[in-house]
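Numbering starts at 1 and runs along the sequence shown. Order of listing sets the numbers, starting from 1, for every ligand and every atom in it.
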Amino acid sequence: MAAELPFQLADRSLAQPDCVVDGRDITAKSGKRFDVIDPGTGKVWISCPDCNGDDVDTTVQSSHRAFQEYSKWTPRKRAQTISKWHQLIVDAREDLAKILVYETGKPLSEAYGEIDYATSFTWWFVGEAERAHGSSIVSAIPGRRAITIKQPIGVAAALVPWNFPIALTLRKVAAALAAGCTMVLKPSPETPLTAIAVARLALKAGFPVGSFNVLTTSLDNTPAVAEALCLHPLIKKVTFTGSTRVGKIITGLCARNLKKFTLELGGNCPFIIFDDANTVQALAQLMALKWRHAGQACISSNRLYVQRGIYDAFVKELIASTSQLKVGHGMAEGTTMGPVTTPRALDKAEEMAKDAISNGAKLVYGTGLRAESTGGYFMNPTILTDVTDDMLMSQDEIFAPLLGVSVFDTEDEVTTRANNTSMGLASYVFTKNVDRLWRMFEKLEAGMIGLNTGNSSCSEAPFGGIKESGCGKESGKDVAVEEFLVTKNGTLTVEDHW
Ligand SMILES: O=CCCC(=O)O
């Protein structure tokens with residue numbers, strides 16, 4: 001008998017908490033399980049198999065067997081099956097959104113937003129599956145012809161974070177399946193349920209068993225499982241989203257066997273507003289970007305730079321808008337900001353706020369402290385002004401509802417300050433001066449630049465950072481599928497070619 005859930009689902013099987021491997025629900029070889037906690041209450045609501053390194057080989061072997069069959073499917077059959085899968089996920093939107101609230105803590109409205117964002121990837125990769133073509137090349141040598149073909153690289157491993165668990169699962173898996181690869185996915189220990197649910201729907205859609213296997217594991221066993229996947233000889237590609245610190249470890253593991261990898265790592269994203277900006281537009285975009293999932297997005301605004309002429313008025317408007325946010329459990333009516341997903345995020349945010357205040361920043365909204373009494377992992381939104389570039393919160397990714405504001409005077413000054421970070425994920429600039437907009441687009445060091453725009457993540461444009469924010473692209477035309485392909489060049493000589 002399945003355990004009682006704290007919420008109702010139309011299809012109870014979507015919250016089945018075991019791993020999906022080779023078309024079956026499996027538990028860890030050790031028999032151990034780990035708890036999944038609702039960040040809105042701090043209470044355990046379900047448990048999943050605590051796999052370790054010993055569970056990896058059978059799972060990879062299953063995906064390897066699947067690859068032998070699936071890689072031979074025509075691109076059209078792959079596209080049709082991704083399309084069926086997409087529709088099954090869309091049909092399960094209500095149930096998946098509820099599970100997402102209990103995994104991540106985010107408000108139900110944001111959970112729906114994430115499912116819609118997630119299914120934009122399955123939809124996009126239906127189209128991409130049939131568009132991965134080689135090319136023909138005119139040779140410089142008489143009689144020679146050259147052509148390239150693209151082939152799926154093999155079994156891929158995906159290591160997925162907890163902040164957008166279903167969106168990032170689908171962004172990775174749909175790209176791999178479009179390319180003709182199969183995948184073993186390890187979700188984050190905080191958010192394993194939606195990954196399991198969509199893997200079950202993939203079986204229903206008709207992918208060969210083993211095409212998309214999900215192996216769950218606790219925080220303690222995560223390094224061992226990740227290492228076993230990265231080092232397994234049948235894993236030909238690793239795709240990881242997470243911190244830069246762990247990205248460097250993954251890089252080292254993949255480097256041992258010269259394995260291909262894609263890394264979507266941390267950000268320290270500047271959000272710059274010039275005096276001549278449309279401040280209503282800038283504020284609306286900032287509100288949506290910064291407080292999305294309580295500040296827990298890698299592309300969130302980490303440093304807010306406002307030009308002196310509008311600084312005081314803008315900060316006033318920012319405080320007024322932020323005070324409208326309603327913090328609460330993701331399922332509670334009217335909640336617009338949920339808890340953070342892990343208590344670790346609260347520790348870090350409190351430390352950053354304390355550091356900033358003790359070095360001269362002014363607390364103008366919120367407390368910079370966790371809300372102690374609720375049981376969940378809550379911090380009310382907090383705004384600090386007079387934040388300087390040497391404070392901890394300017395130097396590291398915040399990942400919490402904490403926002404620091406700084407004043408600036410000139411374009412050169414703000415460009416230097418914005419780029420003065422090892423990260424290069426996203427940057428945002430607001431100005432109505434088109435020459436400046438263009439200059440900033442070229443000068444800001446980031447993989448994604450919002451031009452009078454906040455969150456610009458979408459399936460049709462390439463997502464990915466530069467510098468220590470990672471390498472490779474995860475969506476967009478050609479580039480995302482390319483990450484899962486190998487290109488072969490064939491050269492032939494034609495006799496009597498004249
Ligand atoms: O946090 C990382 C991903 C967020 C996004 O895809 O917009």
Asker: Identify the protein heavy atom lying closest to atom 7 (O) of ligand 1, giving its residue, its atom name and the separation to 0.1 Å.
Answerer: Ser457 OG, 2.6 Å

Asker: With heavy atoms of Asn163 as the reference, note each atom of ligand 1 found under 4.0 Å away.
Answerer: 1 (O), 2 (C)

Asker: Tell me: protein heavy atom nearest atom 6 (O) of ligand 1, and distance?
Answerer: Tyr117 OH, 2.6 Å

Asker: Kindly give the heavy-atom pair with the smallest separation between Val481 and Ala178, and that separation in Å.
Answerer: CG2-CB, 4.2 Å

Asker: Using a 6.0 Å cut-off, check whether atom NZ of Lys326 has over 12 heavy atoms from anything other than its own residue.
Answerer: yes

Asker: Strictly distance-based, threshold 3.5 Å: is any side-chain N or O of Lys259 a donor or acceptor partner for the main-chain N or O of Cys230?
Answerer: yes

Asker: So which heavy atom in the protein is nearest atom 3 (C) of ligand 1, and how far is it from that ligand atom?
Answerer: Cys298 SG, 3.4 Å

Asker: Is the side chain of Trp124 donor-acceptor paired with the backbone N or O of Ser475 at a distance under 3.5 Å, no angle test?
Answerer: no

Asker: Should we count CD of Glu333 as having more than 12 external heavy atoms under 6.0 Å?
Answerer: no

Asker: At less than 4.0 angstrom from any non-hydrogen atom of Ala297, what atoms of ligand 1 do you find?
Answerer: 1 (O)

Asker: Are any of the heavy atoms in Arg171 under 4.0 Å away from ligand 1?
Answerer: yes

Asker: Strictly under 4.0 Å, does any heavy atom of Arg292 approach an atom of ligand 1?
Answerer: yes

Asker: Taking atom CH2 as the centre, does Trp162 end up with more than 12 heavy-atom neighbours from other residues, nucleotides or ligands that are less than 6.0 angstrom away?
Answerer: yes

